[in-house]
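Working notes, beginning with the structure itself.
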Amino acid sequence: MSYSSLPEDVLEHVFSFVQSDKDRNVISLVCKSWYEIERWCRRRIFVGNCYAVSPRMAIRRFPEVRSVELKGKPHFADFNLVPEGWGGYVYPWIRAMAGGYPWLEELKLKRMVVTDESLELIAKSLKNFKVLVLSSCEGFSTHGLAAIAADCKNLKELDLWESDVEDPSGNWLSKFPDTCTSLVSLNIACLGSEVSFSALERLVVRCPNLRTLRLNRAVPLEKLAHLLRQAPQLVELGTGTYSADLRPDIFSNLAGAFSGCKELKSLSGFWDVVPAYLPAVYSVCSGLTTLNLSYATIQSPDLIKLVSQCPKLQCLWVLDYIEDSGLEALAATCKDLRELRVFPSEPFGDEPNVSLTEQGLVLVSEGCPKLESVLYFCRRMSNDALVTIAKNRPSMIRFRLCIIDPQTPDYLTLEPLDVGFGAIVQHCKDLRRLSLSGLLTDRVFEYIGTYAKKLEMLSVAFAGESDLGLHHVLSGCDSLRKLEIMDCPFGDKALLANAAKLETMRSLWMSSCSVSFEACKLLGQKMPRLNVEVIDESGPPDSRPELPVKKLYIYRTVTGRRIDMPGFVWNVGEDSALRLS
Amino acid sequence: MIHMMMELQLGLALPSIATTHHVRGFEFDLNNSYVYEPKDSDPSSWNINSYFGSSASVPGKCSTTNSSNGNKKRSCDDAFDYEQVRAVPPRTLPLFNWNSRYPDDEDDPRDLDNNSSFGSNKTVDDEDGVHVVGWPPIKNWRKKLCHQQHHIPGGRVKNNQAVVANNGSACGGRQSNSMYVKVKMEGVAIARKIDLTLYDSFETLTNTLIGMFGLWLEDSYDYQLTYQDREGDWLIAKDVPWRCV
C-alpha cells in the first residue's frame, strides 16, 4: 500500500505527532492531498509579524486552529525607538477570530496594542478560551481583564508578562466567579496598583491546580506566608514586595510557609529586598531551577549566600550587584546553569558603580558546562575574554553582550572587538542570536557572514565602517530572519545589492543609518512582497531627500501595504506619492 | 583628509602603553609622534560618547581617577588640551574607527556636512542625563527601577527632588496612589526605594529603613533621617509633622 492511498484519518493521526511549524510546512508541500489534510488538522499557528499576513488569509488556510501566537512591534520598540501609535493592533485579528475560530483556546501576543474592547470581544465570543498571554503589550486596562475574568469560564492561564496596564479603580480580581476553579497560572507582576487581597486569596484557595502565581509589588510580605500556605503545590512563585518591619514572628511564619512548598522550582519578584528576610527562602533553594533577582537591589554577599544554595539552578536573572565575586560563586555552585542575564543597576552612570567586569562572564563560561544563553551588561571587555568564552562554550546559542558605553574598545589593547566576536561566531556553530557592542569595524561582520550560518537574529549598534559590513551579513548569514541596526554607517549599496535576501527574512530595522530615501523607494518599487516603511515624525521624508532616512522598517508580507499606518509612517512602494489615509 | 586624520590622532592623548596603533593602511608609532606625559590613571579607552553631538561627556566632566575598573575618563591634568580637540572638526569622526580603507570615498557617510549617523539619533535630556534614544537597550520599567534613590545624610546627591511622586511599581503600571522615594544611607553604596504611603509615622518609616539597610534597631540611634526640599536644602525630617510629608 503506497503512502498516497493511506486513508485521510490515518494521515491526520500521523500528522498530529508533528508539532513543529517547519515540519508541518514541509508536509504541506509534499502533494495536494497532504496539503489539504495538513491544513485542516493544524491546531497551532505562529505569526511572527502580524502584518505579514492578514487574519482572513490565516483563517482561510487553517480553519481549525486552537492556538494563535502573534507578534506586533519590532523588537527595538522595547527601547523607545518606535513612536506611539505605530501600529501592532490586535483588534482586527480578534474580530476575525471571533467569527473564524469560535473554539480558539489560546492567544499569545507580544508587543501588540490590545484594547479593552478586544478583551471584551474575546470574553464574549470565544467560549472555550483558556490561555491568554500578553507579553509586553499595552493599550488595555483592568476593565478588559475584568471581562476576561468574568466570562471565560474555563480560564487556565492569565499571564501579563511585562505589559503596561492602565488601572482605573475596579476590583477586577473579584470578577472571577466562585465557580472558577480552573486557574493553573496567574501572572500579575506588572500591575501597578493593589489588587484585593481577599479576592486573590479566595481565588488561590479554590484553584487546586494553580501552579504559577506571580504577584505584583503591592502585595505585602506579611501576607505572602498566608497565601503560600493556601497553595503549597505552587511550582512557580513571584513574591510581592520583599520588605517588612524586622520581626521574628513574620520571619518564622514566612520561613515556615516556604518550607511547606515542596514543589517550588522558580522564584521571582523580590522588590525592595530586606536582606534579613532572604533566609526565609533557603528551604526551597535546593530545588530551584529558575531565579529572577533582577529587581533585587541587594549586594553581592547576600546574593552569593542565596545562589550558593541553589545547585540545581538553570536560569538566573540578576542585577550587576552580583559582581565578579558573585559570578565566581555561581560558577562554582551551579553546574547546571543554562541561562544567565546580568542587568545594569546604573546604566546611565558615567562610572562603574560595581565591580562587575568581563571576568565574571569568563568565570561562568568556565564553570558552567551547559551555559547556552547569555545577556550581559558590563562596562569593559577584551578580545581575550571573548575568545576564552567562545572556546569554553562552543554550545552557546544566544549571546547578547552590551558594553554600556558605545564603541568601547578592548580595554587591554584598545583594539576593536572584531576578533573576540569573531571567535564567538566561529566556535559557537549553533549560535542563533547575537547582539554586538563595543568598538567594531567591518571585520566583525566579515566574520559573522563567514561563520554564523545558523544565526537567526542579529542586533547591532554603533558598529561598522561601511556598506561592506552590512553586505557581509546579508550575503553570508544563511539563516538570518531578523536584523536590527541602529547608528551604523550602512547605506544604500548593501541594501540594494541584497534586496532578494530581505524576502527570506522576517524583518529588517535600520535607524540612524545612512540609507537614502531614493534607495527606499527603489527597494519598495522593485520588491512588491516587501513593505518598506519609513518612520519620520518630522514630516514627509521625500521633502528632504538629501537626508538619510531616520528609521526604516522593512518586512516581508503577502498582504501589501498595511492600512493602519499613522501619519509618521510612509510606505514607499510604487505609489509612494499617494498615501492611503 | 589623511593629513587631517593624522593630525587628529596626534592631538589626542593616547594611553601610556607604548603601542603602535595599527590603522588600516597606516602605521605610526605614537611615541614618535609627539611627546606625551602619561599620568597614573589608566585611560584605557576614551569615552566616545563625546562624538554623539550630545553633551553627555563634556570635557568639564572628566575626572581624575586611578580606579582599577578602567575608568574611561582622562585625567584633566594631562598635558594635552582636551578642550582644543573638542573644538577641532570633524567632531563626528570617531576615534579608532578610521574609514581609511576608503580614504577618498566620497560616500563616507560621516562627512562633515552630512547628517552624520552618529548625530541624527535623537539625544534625550531627562532625569537620566543626556543620552541617545534606544541606548543602552533596557526596557522602560527597568530604567525606572534604577531611579529609585533618595537621600539620607551624606553621600552623593543623585536626584534633586526629595520626593519622586511616581507611579512606582516595576513594570509600568499607571496607578499613582503610591509615593515612592529613593533612600540612600551614608556609607552604603546601594540605595533603596520605599513607598511613603505605606507608613503612618516617622518611627515606622525609620524602622523600616533601618531594616532595609540591614541594621539593628539599637544602631538606628546613630542615624538621622533627612530630606531635601524643593529648594535643595537638607532638613531634618522629624522637624515637620508627619501629615505634611
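Because the structure is a prediction, the values reported are computed rather than measured. Residue numbers start from 1 in every chain, and the chains themselves are labelled A, B, ... in the order their sequence lines are given, proteins ahead of strands.
The part of A:S136 that comes within reach of chain B is its side chain, from C-beta onward, which places non-hydrogen atoms under 4.5 angstrom from that chain. Contact annotation for A:P344: both backbone and side-chain heavy atoms come within less than 4.5 Å of a heavy atom of chain B. Heavy atoms of A:F343 lying under 4.5 Å from chain B belong exclusively to its side chain.
Legend: residues meeting side chain to side chain donor-acceptor pair (under 3.5 Å) with A:S135, ordered by chain and number and at least two apart, are absent. With sequence neighbours left out, the ring pair (Phe, Tyr, Trp, His ring centres under 6.0 Å) criterion links A:F140 to no other residue.
A salt bridge links A:R217 to A:D272: at least one charged side-chain nitrogen sits closer than 4.0 Å to a carboxylate oxygen.
No side-chain N or O of A:S355 forms a donor-acceptor pair with one of A:E323 less than 3.5 Å apart.
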